[in-house]
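Quick note on labels: first sequence line is chain A, next is B, and so on, each numbered from 1. This is a predicted model, so every value here is computed, not measured.
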2 protein chains.
Amino acid sequence: MKAEKISEVTTNRLSVYLRCLSELAAEGERTVSSGTLEKRFNLNSAQIRKDLANFGEFGVRGVGYYVESLRGQLAGILGLDKEHRVCIIGAGRLGTALADYQGFKMSNFEVVALFDADKTKIGKKVGKVKIFDIKNFAGVVKRDNIKVAIIAVPGESAQKVLEQVTAAGIKAVLNFAPVPLRVLDGVKLNTIDLTTSLESLSCFLAGSNGKNLKPISKNGRK
Amino acid sequence: MKAEKISEVTTNRLSVYLRCLSELAAEGERTVSSGTLEKRFNLNSAQIRKDLANFGEFGVRGVGYYVESLRGQLAGILGLDKEHRVCIIGAGRLGTALADYQGFKMSNFEVVALFDADKTKIGKKVGKVKIFDIKNFAGVVKRDNIKVAIIAVPGESAQKVLEQVTAAGIKAVLNFAPVPLRVLDGVKLNTIDLTTSLESLSCFLAGSNGKNLKPISKNGRK
DNA sequence: ACCTGTGAAATCGTTCACAGCA
DNA sequence: TGCTGTGAACGATTTCACAGGT
């Protein structure tokens with residue numbers, strides 16, 4: 001094992017492996033080999049082994065991996081053994097839908113606050129989560145020990161909100177605004193860009209990815 | 001220009017460039033250089049030029065790119081000049097939130113149907129979009145000329161739904177279920193995996209990515 | 001026989017650096 | 001001079017293939 005930088009694609013796969021293991025555990029499997037994972041979940045077995053080997057020697061030659069044990073290791077590596085307190089900025093459609101999304105529990109995330117600038121929303125609740133004034137952001141973050149922020153505001157305000165978030169000392173941010181954001185060193189920003197995902201489908205349907213590209217000749221304005 | 005396979009990361013960036021250009025156009029800029037885009041939106045100028053050069057010679061040496069003209073080219077490449085009719089499968093929280101998400105318009109996507117298996121939901125409407133019985137999937141898809149499907153069902157049913165979707169002839173699918181899915185050749189599947197995005201943040205906070213990895217010694221069971 | 005862990009090879013993607021055109 | 005388009009260098013990631021443990 002090496003003590004080097006692990007790439008993001010690698011850790012993202014760990015997350016996938018963990019879910020596969022949970023499924024196997026639910027079915028009562030005690031051990032699993034990388035080959036079985038390859039066939040069953042169409043992953044690449046060499047890649048699975050390489051990924052895991054970054055963090056230790058979890059497997060047993062001739063046998064495979066012990067499902068429960070590996071599950072625990074992956075949960076630890078991914079930091080899912082501690083609760084993460086999360087806030088959501090933007091109490092619009094997306095923000096409120098996220099606020100009572102049930103899937104957070106699985107990863108030990110707890111949404112504890114919503115923020116908005118709209119006076120008519122402040123003080124209301126979405127499920128159990130109260131909507132606070134964005135002006136009180138830093139105070140609530142400190143008081144409630146919030147470590148993760150989700151940005152669910154329109155693109156125009158995203159950069160400003162991000163700066164507010166990092167100024168309050170938050171180091172992990174999930175962004176849904178479809179704009180390029182600048183972030184300070186030491187802060188982790190993940191963007192989920194629905195627009196790009198959609199346009200990627202559109203591009204596929206238009207055939208612009210595949211082979212046959214028409215040599216669009218010359219630039220527009222002469 | 002070459003007539004080769006364009007990678008997904010490349011086309012995803014086109015989508016970003018297009019949004020940057022729209023912003024510049026709104027500000028009245030007539031031309032822009034890759035260097036300006038680099039500084040302003042923190043992109044890499046060489047990469048921008050390479051990406052664009054895959055599709056033609058859009059720039060003018062000594063000048064840069066004509067904003068409006070390039071915008072049109074990119075919209076064409078991404079297939080945004082034609083309307084795409086979309087359905088959403090799963091009328092739960094996520095599905096309904098997506099059904100009246102306003103951002104689809106920007107990319108010329110139109111949500112025309114929701115599907116669910118829950119009898120109590122069928123026939124109701126979310127905004128202007130009617131909820132149909134999933135049993136009538138293929139029929140509605142054909143009748144309404146639907147070309148794109150969004151899967152917003154729980155992980156357990158996602159694979160089955162995907163098979164139904166492809167059986168109905170749909171070739172472009174956006175999936176929100178956090179499970180590995182198998183897809184036929186010729187079908188484009190994009191997955192937006194909220195769980196992985198979150199766990200990536202958690203992993204960062206746990207410090208498992210960075211350098212200092214403890215040499216977790218041996219496999220679990222003895 | 002089976003399966004992991006891992007160098008080496010192959011592939012893919014990004015950045016550099018500059019020739020050449022406006 | 002300013003900027004594009006692009007080969008070449010570099011770096012990262014994936015896959016291969018096999019030595020070695022059980």
Contacts under 3.5 Å, N or O only, protein and nucleotides 19-22 of chain C:
| unit_1 | atom_1 | unit_2 | atom_2 | d |
| --- | --- | --- | --- | --- |
| C:dA22 | O4' | B:R61 | O | 3.3 |

Spacing of [X] atom [atom1] relative to [N] atom [atom2], expressed in whole Å:
{"X": "B:E8", "N": "D:dT13", "atom1": "CD", "atom2": "P", "result": "17 Å"}
{"X": "A:F55", "N": "C:dT6", "atom1": "CZ", "atom2": "C1'", "result": "16 Å"}
{"X": "A:R30", "N": "C:dC3", "atom1": "CZ", "atom2": "P", "result": "18 Å"}
{"X": "A:L43", "N": "D:dT15", "atom1": "CG", "atom2": "P", "result": "11 Å"}
{"X": "B:E38", "N": "D:dG5", "atom1": "CD", "atom2": "C1'", "result": "16 Å"}
{"X": "A:F58", "N": "D:dT22", "atom1": "CZ", "atom2": "P", "result": "17 Å"}
{"X": "A:K5", "N": "D:dA12", "atom1": "NZ", "atom2": "C1'", "result": "12 Å"}
{"X": "B:E57", "N": "D:dG5", "atom1": "CD", "atom2": "P", "result": "6 Å"}

So does [X] get a side-chain nitrogen or oxygen closer than 4.0 Å to the phosphate oxygens (OP1/OP2) of [N]?
{"X": "A:S7", "N": "D:dA12", "answer": "no"}
{"X": "B:S34", "N": "D:dT4", "answer": "yes"}
{"X": "B:Y65", "N": "D:dG5", "answer": "yes"}
{"X": "A:N44", "N": "D:dT14", "answer": "no"}
{"X": "A:R13", "N": "D:dT13", "answer": "no"}

Inset, instruction - Not counting sequence neighbours, which residues clear ring pair (Phe, Tyr, Trp, His ring centres under 6.0 Å) with A:F41? List them please. - result: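 Ring pair (Phe, Tyr, Trp, His ring centres under 6.0 Å) list for A:F41, sorted by chain: empty.
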
Legend entry - Residues forming a ring pair (Phe, Tyr, Trp, His ring centres under 6.0 Å) with B:F204, sequence neighbours excluded: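 Scan of B:F204 (ring pair (Phe, Tyr, Trp, His ring centres under 6.0 Å), adjacent residues dropped) gives none.
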
Inset, instruction - For ring-ring contact (aromatic ring centres under 6.0 Å, His included), just list the numbers for A:F58 and A:Y65, CA-CA rounded to whole Å, side-chain angles, deciding distance to a tenth of an Å, and then say yes or no. - result: CA-CA 7 Å; A:F58 300 136; A:Y65 302 89; 7.7 Å; no

Within [range] or reaching into it, pairs that qualify as salt bridge (Lys or Arg N to Asp or Glu O under 4.0 Å) - sequence neighbours excluded:
{"range": "residues 179-200 of chain B", "result": "A:R19-B:D193, B:E8-B:K188"}
{"range": "residues 156-176 of chain A", "result": "none"}
{"range": "residues 96-111 of chain A", "result": "A:D100-B:R93"}

Under 3.5 Å, which donor-acceptor pairs link side chains of residues 78-91 of chain B to any protein atom two or more places apart or in another chain?
| unit_1 | atom_1 | unit_2 | atom_2 | d |
| --- | --- | --- | --- | --- |
| B:H84 | NE2 | A:S202 | OG | 3.1 |
| B:H84 | NE2 | B:G79 | O | 3.0 |
| B:R85 | NE | B:D144 | O | 2.7 |
| B:R85 | NH2 | B:D144 | O | 3.3 |

Legend entry - Nucleic acid contacts - residues 45-52 of chain B versus DNA chain D, non-hydrogen atoms under 4.0 Å: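 Here the set is B:R49, B:K50.
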
Inset, instruction - Select one nucleotide: of C:dC3, D:dG5, C:dG13, the one nearest the side-chain heavy atoms of B:A53. - result: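 Given the options C:dC3, D:dG5, C:dG13, the side chain of B:A53 is closest to D:dG5.
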
Inset, instruction - Run the salt-bridge test on A:R49 and A:E57 with the 4.0 Å N-O cut-off and return the result as yes or no. - result: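 Answer for the salt bridge query: no.
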
Inset, instruction - Check B:V148, B:L189, B:V173 against A:L201 for a side-chain contact (heavy atoms from CB on, under 4.5 Å) and give me the one that passes. - result: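 By the side-chain contact (heavy atoms from CB on, under 4.5 Å) criterion, A:L201 pairs with just one of B:V148, B:L189, B:V173: B:V148.
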
Inset, instruction - Mind checking side chain to side chain contact (heavy atoms under 4.5 Å, CB included) for A:V179 and listing every partner two or more places apart, or none if nothing turns up? - result: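 By the side chain to side chain contact (heavy atoms under 4.5 Å, CB included) rule, A:V179 matches A:A158, A:A177, A:L181.
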
Inset, instruction - For B:T10, report the nucleic acid contact type (base, sugar-phosphate, nothing); a contact means any heavy atom under 4.0 Å. - result: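 The residue B:T10 makes no contact with any strand.
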
Legend entry - Partners passing salt bridge (charged side-chain N to carboxylate O under 4.0 Å, His left out) against A:E29 (at least two apart in sequence or in another chain):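 A:E29: no salt bridge (charged side-chain N to carboxylate O under 4.0 Å, His left out) contacts found.
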
Could you list, one pair per line, each protein nitrogen or oxygen that sits under 3.5 Å from a nitrogen or oxygen of nucleotides 9-11 of chain C, together with the distance?
none

Inset, instruction - For residues 150-191 of chain A, pull every pair meeting ring pair (Phe, Tyr, Trp, His ring centres under 6.0 Å), keeping only residues two or more places apart or in separate chains. - result: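 Not a single pair qualifies under ring pair (Phe, Tyr, Trp, His ring centres under 6.0 Å).
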
